[in-house]
Amino acid sequence: MIVIFKPNASPEKVKALCARFEQDGLKIHNSEGEHTHLIGLIGDTSSVDIDLVRANDIVEDVKRVSEPYKKANRKFHPADTVVDVAGHKIGGGHFTVMAGPCSVESADQIVGVARDVQASGAGLLRGGAFKPRTSPYSFQGMRAEGLTLLRKAREATGLPIVTEIMNTEHIGLFEDVDMIQVGARNMQNFELLKELGKLKTPILLKRGLSSTLEEFLMSAEYIMAGGNENVVLCERGIRTFETSMRNTLDVSAIPMLKAKSHLPVVVDPSHAAGIAWMVEPLAMAAIAAGADGLMVEVHKDPPHAKSDGAQSLTPAQFDGLMNKVKGAVSFFGKELN
């Protein structure tokens, strides 16, 4: 349930009304904008008399919310959330590109790619240290050593790093990671989500292969319910009946997510199709649909990459993409940072 206050509502009366709700066992989610002040009531609101609340002289309106997610719901938080990753903002008109290799392979590789993508305008360095792979015989990543090499790349370039976590046992290794990624296969690893909710580190949450948008937002809710509201949603393609590409990018998910939620939405065009030449048109489509950022895989030698070489751009190809991204972002009135 949402209670919207009048512009001239007395703070003392607002506090008293909130205290009454809390006495009834409800939790309060407070949201104050420049022109709007509202609270979300979380819990069993079936016994709340809407007409009685609406009759209060400080209340503008009362609305019931049917969606099971509350903290991620735009109705509770009308203004766009802006997530700050070590000085790089995502959402609310700020656009960020995360780029780098699928897997960290060596110090020279990750530092070299980091310098290349930074020169082209990327704001964050992405790279996998722990890699979830469909086959147990595929390269699983350099693990803790990969994290060390990502830190070296950050020291060399100043780029904040975003990398994927696999389970709760690894949380201690990620203490100084700038943004923690939850991969598609872990989107509903609820124990992991609850532990990440105890952190303040920004979380990049990827949509599951066959997940609905409500399931996606409920996973974000797990993190936010734990206290960490620095969540960025990532659409990375879903599994459909089409076989000509790895996944199908759900472009329609971008405006729908932004209508349902205040959280930033970024798109991963590399994983969406799994084909390098498709990255650029999908990236342009994502920007036009209202995305707040992109995640792009870049490798100096894609044919010899240890993972996902087929979808990786070379630094030169990425530079060409970024020239178009800059123009598109500006056209749609956003700021690249």
ask   = Would T45 and R64 count as having a side-chain donor-acceptor pair, cut-off 3.5 Å?
value = yes
Closest non-hydrogen contact found for S106 with L149 is C-CD1, 3.6 Å
Any carboxylate oxygen within less than 4.0 angstrom of a Lys/Arg side-chain nitrogen, looking at K70 and E221?
no
Assess whether a salt bridge exists between K152 and E155, defined as any Lys/Arg side-chain N lying under 4.0 Å from an Asp/Glu carboxylate O. no
(Q) Between R54 and D49 (salt bridge meaning N to carboxylate O under 4.0 Å), is one present in this structure? (A) no
All heavy atoms of L38 vs all of P78, minimum pair found to be CD2-CG, 3.8 Å
Please check if V83 and I203 belong to a single hydrophobic cluster, counting links between Ile, Leu, Val, Met, Phe, Trp and Tyr side chain heavy atoms closer than 4.5 Å. no
Practice problem: Side-chain contact test, heavy atoms from C-beta onward, threshold under 4.5 Å: evaluate it for Y69 versus E214 and give yes or no. | Solution: yes
request  = Check step by step if side chain to side chain donor-acceptor pair (under 3.5 Å) holds for S103 and E105.
outcome  = CA-CA 6 Å; S103 299; E105 299 172 4; 5.7 Å; no
Going by atom types only, do N30 and H37 share a side-chain donor-acceptor pair under 3.5 Å? yes
Closest non-hydrogen atoms of I161 and L150, given as atom of the first, atom of the second and distance, are CG2-O, 3.7 Å
For A9 and F5 the tightest heavy-atom approach is CB-CB, 4.0 Å
> Looking at K334 and D292, does any basic side-chain N land under 4.0 Å from a carboxylate oxygen?
Replying inline: yes
Only one of R154, R151, K200 passes salt bridge (Lys or Arg N to Asp or Glu O under 4.0 Å) with D178, and that residue is R154
* To do: With side chain to side chain donor-acceptor pair (under 3.5 Å) as the test, would you mind laying out the steps for T240 and E242 before giving the verdict?
  => CA-CA 5 Å; T240 70; E242 181 54 59; over 6 Å; no
- Between I2 and L41, is any pair of side-chain heavy atoms under 4.5 Å apart? no
- Query: Under 4.0 Å between a Lys/Arg side-chain N and an Asp/Glu carboxylate O for K198 and E195?
  - Reply: yes
Check your understanding: Would you say V85 and L294 are hydrophobically clustered, going by side-chain heavy atoms of ILVMFWY under 4.5 Å?
Key -> no
Worksheet item: Would you call R246 and D308 a salt bridge, using N to O less than 4.0 angstrom?
Response: yes
Closest heavy-atom pair, P160 versus G123, reported as atoms and distance to 0.1 Å, is CD-O, 3.4 Å
| query | Between K75 and E67, is there a side-chain N and carboxylate O pair less than 4.0 Å apart? | reply | yes
Exactly one of K258, R207, K206 clears salt bridge (Lys or Arg N to Asp or Glu O under 4.0 Å) with E235, and that residue is R207
I90 side chain reached by M98 side chain, heavy atoms, under 4.5 Å
yes
Handout entry: L124 vs M179 side-chain heavy atoms within contact, under 4.5 Å
Key = yes
R115 meets the side-chain hydrogen bond (donor to acceptor under 3.5 Å, both in side chains) criterion, sequence neighbours left out, with none
